[in-house]
Amino acid sequence: MKTQSSAIAPAPIAVSTPAASRSAGTLQAALGVVAFSLTFPATAWGLEGFGPCSLVAVRSVLAALIAGGCLLAVGAPVPARRHWAGLAVVAAGVVVGFPTLTTLALQTSTTAHAAVVVGLLPLTTALLSALRTGTRPSRTFWLAALAGAGAVVAFTVQQSGGALSPADLYLFGALLVCAAGYTEGGRLARVMPGWQVIGWALVLCLPLSVPAAAVALTYEPVVLTGHSVAGLVWVAAGSQFLGLIVWYRGMAAVGIPKASQLQLAQPLLTLVWSVLLLGEHLTPAAPLTAAAVLVCIAVTQRARG
């Protein structure tokens, strides 16, 4: 006769498998890409009522207030001293550098053109990640990444008639600083929650962003409209905070190189938003280029990372 204790089997314990963790990380990174794809159209809306300096400074202040409130609410510990240099790189890249340079570019460039040029960001991030963290993706990965980057360069040259415009120079500078911020943020997200990485980076910028906002608002006229307010709210809460939370979590889960290549889809998404929200008319080269780099995603995600 079986005893009662032997008749009752222990309940199975749910364990998160590496495959499940990678799938969740890929989904989080993809959600970040969707949030980022709205950044350029939202910035164009914001520029309808704000000057470029005031838009960048105010978005940073608002995002920092949201992040600081969340950090206080959960009693998040202050990062260790060894992490502050990395947080400074995140702040310089994704809080200050990228928003400033892309906002300046969008004064003379369409969102469609800017979106496809920024399609170089995945390759730039993968390269910096390999140098900074020592990751070694496979040859197939690099070939697919280079193919996507090549399509972007060809589009840029074709659109500019073989000469770079000031907007393109701003955009290429934005690529470098943003890739550095992504690489450091993805690395830090392995040792602290991803939302705290961007949260502390935003708070770190407050001593600069608050006086910058005060000065900019004094010299640049502000016209509050539905578009300008909606654009400001999205770039502050969506692009600058919520999008980066899931983005850094995804990078920590699947690795910086593979997560970065998901951004090959960002130009295509931004092109869609630019038509729906801004009424822009696309040249045939823009969607064709975006579709070409989108094809590379499947290759990079299946390649050995």
Side-chain angles (χ1 to χ4, degrees), residues 33 35-60 93-125 148-179 181 216 220 223 225 227-228 230-232 234-235 238-240 243 263-294:
V33 171
F36 300 153
S37 71
L38 278 161
T39 300
F40 285 174
T43 299
W45 273 8
L47 287 172
E48 293 180 12
F50 293 87
C53 295
S54 58
L55 180 62
V56 171
V58 172
R59 74 180 270 184
S60 180
V94 303
V95 177
V96 178
F98 186 79
T100 301
L101 292 171
T102 53
T103 299
L104 291 172
L106 285 172
Q107 292 185 102
T108 56
S109 172
T110 65
T111 59
H113 178 83
V116 179
V117 174
V118 173
L120 281 171
L121 183 56
L123 177 62
T124 310
T125 303
V152 171
V153 171
F155 169 81
T156 305
V157 172
Q158 185 268 334
Q159 291 290 294
S160 61
L164 293 178
S165 68
D168 289 326
L169 296 179
Y170 285 135
L171 291 169
F172 289 136
L175 292 175
L176 294 176
V177 297
C178 189
E220 292 181 342
V223 180
T225 64
H227 276 182
S228 63
L232 173 63
W234 180 257
V235 294
S239 303
Q240 196 84 76
Q263 280 198 297
L264 289 171
Q266 187 173 321
L268 182 59
L269 293 172
T270 299
L271 293 177
V272 173
W273 297 129
S274 69
V275 173
L276 296 178
L277 300 178
L278 304 176
E280 290 187 0
H281 299 287
L282 305 180
T283 63
L288 288 175
T289 303
V293 296
L294 181 60

Query raised in the report: Got a second to check how far L176's CG is from F98's CZ, nearest 0.5 Å?
Result: 11.5 Å
Query raised in the report: Taking the side chain as C-beta and beyond, is there a heavy-atom pair between L171 and L101 under 4.5 Å?
Result: no
Query - Distance (rounded to the nearest 0.5 Å) between Q240 CD and W234 CH2 - result: 12.5 Å
Requested in this report: Kindly say whether V223 contributes a backbone atom to a donor-acceptor pair with the side chain of S228 at under 3.5 angstrom?
Outcome: yes
Requested in this report: To the nearest 0.5 Å, tell me how far L55 CG sits from E48 CD.
Outcome: 11.0 Å
Query raised in the report: When you look at V96 and V177, which way does the side chain to side chain contact (heavy atoms under 4.5 Å, CB included) test go after all the steps?
Result: CA-CA 9 Å; V96 178; V177 297; over 6 Å; no
Query raised in the report: Between atom CG of L278 and atom CH2 of W45, what is the distance when rounded to the nearest 0.5 Å?
Result: 7.5 Å
Query raised in the report: Any donor-acceptor pair under 3.5 Å linking the side chain of S60 with the backbone of V56?
Result: no
Query raised in the report: Which atoms form the tightest heavy-atom contact between L104 and P52, and what is the distance?
Result: CD2-CB, 4.3 Å
Requested in this report: Tell me, yes or no, whether the heavy-atom count around Y170 atom OH, taken from other residues, nucleotides or ligands under 6.0 Å, exceeds 12.
Outcome: no
Report summary line: Closest heavy-atom pair, S109 versus A114, reported as atoms and distance to 0.1 Å, is OG-N, 3.7 Å
Query raised in the report: Of the non-hydrogen atoms in L175 and T124, which two are nearest, and what is the gap between them?
Result: O-CG2, 4.0 Å
Query raised in the report: Would you find a donor on one side and an acceptor on the other, under 3.5 Å apart, between the side chain of S37 and the backbone of T270?
Result: no
Query raised in the report: With distance as the sole test, does E280 use its side chain to make a donor-acceptor pair with the main-chain N or O of T111 at under 3.5 Å?
Result: yes
**Report entry** V33 vs L269 side-chain heavy atoms within contact, under 4.5 Å
**Finding:** yes
Requested in this report: Drop me the distance from S54's OG to L47's CG, to the nearest 0.5 angstrom.
Outcome: 8.5 Å
Report task. Please name the pair of heavy atoms, one in P41 and one in W273, separated by the smallest distance, quoted to 0.1 Å. Result -> CG-CB, 3.7 Å
Requested in this report: Identify the two heavy atoms, one from L121 and one from A179, that lie closest to each other, and give their separation to 0.1 Å.
Outcome: CD1-N, 3.8 Å
Query raised in the report: Which distance, rounded to the nearest 0.5 Å, do you find between the CG of L271 and the CG of L276?
Result: 11.0 Å
Report summary line: Note: V95 and P99 closest approach over all heavy atoms is O-CG, 3.4 Å
Report task. Could you tell me whether a side-chain N or O of Q266 sits under 3.5 Å from a main-chain N or O of A35, the two making a donor and an acceptor? Result -> no
